[in-house]
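Here's the structure we're looking at; comments come further down.
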Amino acid sequence: MQATIEPASGPLRGSVRVPSDKSISHRAVLFSALAEGTSSLRAVLDAHDVRSTIAAVQALGARLDVSPGAEGLTLAVHGWGERGPIAPGTPIDCGNSGTTARLLMGVLAGYPVRCTLVGDESLSRRPMRRVTEPLSRMGARFELSGLGTLPAVVTGGGLVGCEHVLPVASAQVKSALLLAGLRAHGTTRVTEPAPSRDHTERMLPAFGAAVTREPPVTVSVLGPQSLSAAQVTVPADPSSAAFLVVAALLVPGSEIVLRDVSLNPTRTGFLAVLERMGADFEVCDVRASGAEEVGDLVVRYTERLCGTEVTPDEVPALIDEVPILAIAAATAEGVTRFRAVGELRVKESDRFDAIVTSLAAMGADAHADDDDLVVEGPSRLQPALLSSRGDHRLAMAFAVAGLVAEGPVRIDGFESVGVSYPGFLDDVRALLSG
Ligand code: S3P
């Protein structure tokens, strides 16, 4: 589907709760499936990626009662607990979801089942050895394509704990190893080069697991341990909020409130960068929500943003926000350099290439300097025909560009927003008429 985004004819005004956090939703569903008893989950994201995780745990024998509501899905999850999962007769389709595929590998590694994981075209291009190699050292067996991609055949069971030092900061890999570690004998310890999102470490204790954190970059579990049912309410997703934050900063006269957004410090790196760029926003009413912190974001139009340098240690806490930050950088005065963002090449699409090519198509100045992404502003964005490359975050970033371009921006493959934010355009329209 092609979407045409016209330049905003007026400001964005009003208040929105963006959809629930994708990372937290995946984990709540998966941990409930592993647990003994019935977990109650509220405000779980209702979007394609989390639906992939829900279908996967159902295929593996968890039973779910699902009821949709205004803030997402309410789920009662009857976990497989001590019985363990059943081997499904057909491959599990992880769709577009890297989190589903990689976390499931860690789950399946712990049980004596044989199971095949497949994904869509994009997921079938993404690297899986980063997770299968350390899991193999713990005793799991994997067959991957020759390129180290899906489809994957996983045969689990008989794990022993291991010490892992990851070459790349990755919450998906870390989480897979910790989940496998719960089923392994001995200690599984994971150290990353920089802190990645920590939802797994925060949520596991609610399910009765003992997790040892050695800040800033090491976490361990002593296995075997089993999980028991829990209650989780999922806050709004800061990564989804980021698109509306930048839209409000760039569209003259805007002032919006984004309610109930997760303020987990491993996710809010984009706010620190926007603050340095001079953005006018406030974080209000900060409160606890289970193991996470949430608050409301008040964002106002900011006439002049300026460029900044994003350092390598900041990148894991904003990796999913680089596409939308790059749009802000293109309109900002001066140079913005995102250092060491090579991981963008192996996301849902090659986001590095997509940002450079698409900004150029809109007349902006962006280039690669090895693994650094350099954007030079300020540019007046021009009308263009862009491809989402089937990538939800590119589709939404380009839509925000369209709101401030000199003419319409057309985006092919816009339906990809269904992966994380199916009602994105409805929320933008509501704020435009607010
Ligand atoms: C995620 C971790 C990040 C992020 C992805 C979701 C998660 O990936 O980019 O969108 O839920 O754990 P990496 O684990 O590759 O850093």
Side-chain angles (χ1 to χ4, degrees), residues 19-31 44-45 47-50 52-53 56 94-107 119 122-123 125-135 148-149 164 166-179 190 192-204 217 219 232 234-235 237-243 262 264 266-270 292 312-325 338 340-352 391-394 396-397 416-417 419-421:
S20 291
D21 191 87
K22 186 156 79 66
S23 292
I24 298 176
S25 296
H26 281 300
R27 286 159 173 80
V29 172
L30 269 179
F31 301 174
V44 170
L45 174 63
H48 296 330
D49 261 21
V50 177
S52 295
T53 293
C94 302
N96 190 249
S97 176
T99 308
T100 308
R102 294 189 176 124
L103 267 60
L104 261 187
M105 287 181 184
V107 168
S122 145
L123 185 57
R125 280 195 300 265
R126 298 180 65 185
M128 294 296 155
R129 285 202 187 107
R130 56 179 58 195
V131 58
T132 60
E133 276 175 3
L135 286 171
T149 55
H164 302 281
L166 304 184
V168 182
S170 164
Q172 293 174 350
V173 176
K174 172 181 63 180
S175 302
L177 296 172
L178 294 174
L179 290 170
V190 187
E192 300 184 276
S196 66
R197 63 192 65 190
D198 65 354
H199 306 298
T200 295
E201 302 87 303
R202 283 174 185 254
M203 196 188 294
L204 276 177
V217 289
V219 56
V232 178
V234 184
D237 194 324
S239 299
S240 295
F243 299 103
S262 164
N264 181 315
T266 61
R267 297 290 301 283
T268 50
F270 74 100
E292 302 278 340
D313 55 301
E314 286 185 295
V315 168
L318 53 72
I319 186 71
D320 291 344
E321 287 65 72
V322 176
I324 187 61
L325 287 173
F338 298 90
V341 287
E343 273 294 296
L344 290 176
R345 298 193 170 96
V346 291
K347 292 294 176 186
E348 286 84 328
S349 69
D350 179 346
R351 289 182 180 160
F352 204 129
D391 183 328
H392 55 135
R393 300 204 197 279
L394 293 180
M396 290 184 273
S416 58
V417 300
V419 158
S420 62
Y421 198 161

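Remember, it's 1-based here, ligands and their atoms both numbered in the order they're listed.
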(request) Begin with the C-alpha distance, continue with both residues' side-chain angles, and end with the deciding distance and a verdict on side chain to side chain contact (heavy atoms under 4.5 Å, CB included) for Leu394 and Ser349. (result) CA-CA 9 Å; Leu394 293 180; Ser349 69; 3.3 Å; yes
(message) Any carboxylate oxygen within less than 4.0 angstrom of a Lys/Arg side-chain nitrogen, looking at Arg267 and Asp320?
(response) no
With a 3.5 Å distance limit and no angle check, can you tell me whether [X] reaches the backbone of [Y] through a side-chain donor-acceptor pair?
X: Ser122; Y: Glu348; value: yes
X: Thr266; Y: Asp198; value: yes
X: Glu292; Y: Asn264; value: no

(request) Non-hydrogen atoms closer than 4.0 Å to ligand 1: which protein residues do they belong to? List them by chain and number, please. (result) Ser23, Arg27, Thr99, Ala169, Ser170, Ala171, Gln172, Arg197, Ile319, Asp320, Lys347
(message) What verdict does the side-chain hydrogen bond (donor to acceptor under 3.5 Å, both in side chains) test give for Lys174 and Ser196, after you've listed the backbone C-alpha separation in whole Å, the side-chain angles of each residue and the deciding distance to 0.1 Å?
(response) CA-CA 9 Å; Lys174 172 181 63 180; Ser196 66; 3.0 Å; yes
